[in-house]
Amino acid sequence: MYIEVEGGRKAVGDLTVQGAKNAVLPMIAGTLLCKETVVLERCPKIHDVDAMTAILADIGAEVEWDGDRLAINAGSVDRLAITQQEAGEVRASVLFLGGMLGRFGQAEICLPGGCSIGERPIDFHMKAFEEMGVVSALKDGKIRCVRERPGSGTVRLPYPSVGATENVILYAVLRAGETVLKNAAKEPEIVELCHFMRSMGADIAGDGGDTIRIRGVKRLHGTAYCLKSDRIVFLTYAAMAAASGGDACFRVCGDTFRYEQEYLRQIGCRVWETGNACEPKYGAAPFYEIRVSNGGGIRAVPYIRTGPYPAFPTDAQSLFLALLSKAYGESILEESVFENRFRVASQLRKMGADIEVAGQRACIRGVTRLHGETVRALDLRSGAALMVAGVMADGVTRIEDSHLILRGYERPVEQMGMLGIQARQARDE
Ligand code: UD1
């Protein structure tokens with residue numbers, strides 16, 4: 001499958017930003033912890049969600065879509081093992097370990113897949129489970145975990161891993177006694193997972209900080225939860241407005257993305273909240289309007305380093321590599337989270353970018369023009385970056401392996417159309 005983007009047009013228009021992928025995936029794993037129906041509103045229709053729900057359906061859960069509402073009832077789940085093919089589809093499948101352990105005291109899963117952006121081991125998850133009294137064994141690419149002892153009440157992660165933090169939370173909410181998680185990840189998606197779990201009756205405090213305290217409860221109940229907008233998807237379409245000298249208005253749910261607004265200002269955009277906070281459509285989650293416009297090209301940024309929240313997000317790194325390739329001046333981007341995340345540089349170079357990569361650093365010397373080319377998405381975020389580059393380039397950019405973009409972006413061609421960008425998606429001949 002490929003997407004073709006026609007460059008040279010200004011991104012102008014209005015867009016409502018979809019629900020957050022990295023928030024919804026752990027929630028889907030969390031539905032395992034409850035026997036009642038859980039409804040996720042504003043759930044993005046993306047391939048990673050499909051892969052996670054296919055796993056749930058396969059182990060006996062009922063999964064039903066109604067528009068953008070996803071209803072899951074895991075009451076009759078009876079299989080405690082997830083097979084290779086299913087787990088290989090999406091890396092977040094590792095979060096079913098926490099969900100299954102919490103509900104059944106045991107779990108088996110084949111090693112998970114996901115984007116090819118480095119080694120992505122799960123040793124932090126396993127070490128944390130071990131401290132919590134879980135015995136695990138790895139054999140033939142399968143991990144088998146069994147709750148054997150009460151374990152310690154305090155767990156310290158060696159690094160604030162997002163996935164390991166989520167797995168500990170998922171396991172701890174039904175675990176007897178109190179679990180204190182230290183050096184926890186602070187990403188907004190962790191806070192959202194905790195909001196969601198609290199709406200099911202979980203007792204969690206401290207999320208958003210280094211230490212999260214979870215007091216185990218006897219049972220969780222069903223809920224209806226409205227997802228906030230995806231901060232990286234917001235940045236992707238905002239980058240298109242920035243890159244093309246455009247002017248776009250984004251309706252976002254539940255958050256005003258103050259850090260993301262600041263990243264856009266750094267590269268020279270005007271960004272402001274219009275004050276049109278819209279009527280909440282679902283429950284208590286309000287909508288905000290953020291406007292992004294750029295009349296004066298992209299400004300270089302001397303140094304950006306990715307890191308755990310609140311540092312610059314690694315998921316936005318590829319987007320900025322694309323943006324800065326046409327900036328006035330030289331920028332340095334350093335990647336500190338994943339070791340293999342500059343592969344998109346080779347594709348941007350094909351389009352005329354001047355990017356030199358040495359280890360975990362990329363030096364980007366801005367060029368005056370990029371040209372349309374046939375390029376390849378190498379992972380989800382590199383695919384998104386190539387869409388942005390396509391908007392910036394002269395002529396047509398053809399992005400092959402665009403199915404990777406659909407892992408995290410809902411109807412990207414249609415969304416670009418909302419901003420007046422000509423794009424089309426087609427299957428390989
Ligand atoms: C999540 C996000 C991903 C984002 C990343 C960092 C989801 C579904 N995915 O991925 O989009 O890029 O956070 O913000 O939410 N590590 C280990 N051992 C472990 C776990 C992690 O060495 O057991 C390393 C990883 O290889 C990586 C770093 O720690 O270098 C960060 O990983 P982590 O925060 O766990 O990312 P994910 O949860 O996989």
Side-chain angles (χ1 to χ4, degrees), residues 19-30 44 46-52 55 87 89-99 109 111-131 134 136 138 143 145 155-171 181 183-194 196 227-228 230-233 235-236 259-260 305-320 334-342 344 360 379-385 404-405 407-409:
K21 168 178 93 72
N22 287 355
V24 76
L25 300 180
M27 289 181 196
I28 292 174
I46 52 176
H47 286 183
D48 274 10
V49 165
D50 291 341
M52 290 289 278
I55 292 175
E89 292 280 310
V90 52
R91 175 169 167 88
S93 60
V94 72
L95 301 173
F96 283 121
L97 277 179
I109 190 169
L111 286 174
C115 279
S116 49
I117 49 171
E119 282 294 310
R120 302 192 84 165
I122 55 166
D123 51 331
F124 303 157
H125 304 235
M126 303 322 291
K127 174 93 182 346
F129 283 146
E130 194 186 307
E131 286 173 34
V134 171
S136 58
L138 179 66
I143 307 154
C145 301
V155 179
R156 184 180 189 86
L157 294 177
Y159 177 90
S161 149
V162 173
T165 300
E166 290 165 347
N167 245 337
V168 169
I169 293 169
L170 290 169
Y171 177 40
L181 174 62
N183 200 24
K186 301 196 271 273
E187 268 69 3
E189 293 76 23
I190 301 286
V191 176
E192 230 196 315
L193 173 65
C194 294
F196 165 74
L227 276 146
K228 288 183 186 172
D230 191 306
R231 59 195 171 113
I232 306 297
V233 172
L235 269 180
T236 305
Y259 289 112
E260 289 72 16
R305 184 174 195 264
T306 68
Y309 192 85
F312 188 88
T314 174
D315 285 348
Q317 185 257 93
S318 302
L319 295 173
F320 274 65
E334 182 167 346
E335 172 61 53
S336 89
V337 181
F338 291 108
E339 72 274 18
N340 198 11
R341 226 174 191 187
F342 282 132
V344 71
Q360 291 297 91
D379 55 56
L380 164 63
R381 302 302 172 189
S382 72
L404 290 168
I405 299 172
R407 286 193 37 215
Y409 290 80

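Just follow the structure's listing: the first ligand is 1, and inside any ligand the first atom is 1.
- Across all their heavy atoms, Cys145 and Val134 have their closest contact at CB-CG1, 3.7 Å.
- At a threshold of 4.5 Å between non-hydrogen side-chain atoms, the residues Lys21 and Leu380 count as touching.
- Not a single N or O atom of Glu339, backbone or side chain, sits closer than 3.5 Å to an N or O atom of ligand 1.
- Between Glu166 and ligand 1, no pair of N/O atoms sits closer than 3.5 Å.
- Leu227 is listed as a side-chain neighbour of Met27, based on a closest heavy-atom distance under 4.5 Å.
- Residue Tyr159 touches ligand 1 through its side chain alone, judged by heavy-atom distances below 4.0 Å.
- When heavy-atom distances to ligand 1 are checked against a 4.0 Å cut-off, Asp48 has no atom that comes that close, whether in backbone or side chain.
- Ion pairing between Arg156 and Glu131 fails under the 4.0 Å rule for side-chain N and carboxylate O.
- Contact atoms of ligand 1 toward Pro121: 17 (C), 18 (N), 19 (C), 20 (C), 21 (C), 22 (O), 23 (O), 26 (O) (distance under 4.0 Å to a heavy atom of the residue).
- Summarising the contacts of atom 38 (O) of ligand 1 with Gly163, Ala92, Gly307, Pro160, the nearest heavy atom is found in Gly163.
- Counting heavy atoms under 4.0 Å from ligand 1, residue Arg341 touches it through the side chain alone.
- Contact between Pro310 and Lys186 at its shortest, heavy atoms only, is CD-CE, 4.4 Å.
- Taking only nitrogen or oxygen atoms, main chain and side chain alike, Ser161 reaches within less than 3.5 Å of ligand 1.
- When side chains are defined from C-beta on, Leu97 counts as touching Met126, because their heavy atoms get closer than 4.5 Å.
- For ligand 1, the atoms sitting less than 4.0 Å from at least one non-hydrogen atom of Val337 are 27 (C), 28 (C), 30 (O), 31 (C), numbered in the order shown with element in parentheses.
- Residue Thr314 approaches ligand 1 through these ligand atoms, each under 4.0 Å from one of its heavy atoms: 6 (C), 12 (O), 14 (O).
- Looking only at side-chain heavy atoms (C-beta outward), Pro160 and Tyr309 stay at 4.5 Å or farther from each other.
- Of the N and O atoms on the side chains of Thr314 and Glu335, at least one donor lies less than 3.5 Å from an acceptor on the other residue.
- The shortest N or O to N or O distance between Phe338 and ligand 1 is not below 3.5 Å.
- Using a 4.5 Å cut-off on side-chain heavy atoms (C-beta onward), Val162 and Glu166 make contact.
- Of the N or O atoms in Asp123, one or more lie within a sub-3.5 Å distance of an N or O in ligand 1.
- Close N/O approach between Leu25 and ligand 1 is not found [any backbone or side-chain N/O within under 3.5 Å].
- Separation of atoms CD (Glu187) and CG (Leu193) is listed at 12.5 Å; rounding is to 0.5 Å.
- Taking 4.0 Å as the cut-off, His125 counts as a neighbour of ligand 1 on heavy-atom distance.
- When non-hydrogen atoms are compared, ligand 1 lies under 4.0 Å from the side chain of Arg91 (C-beta onward) but not from its backbone.
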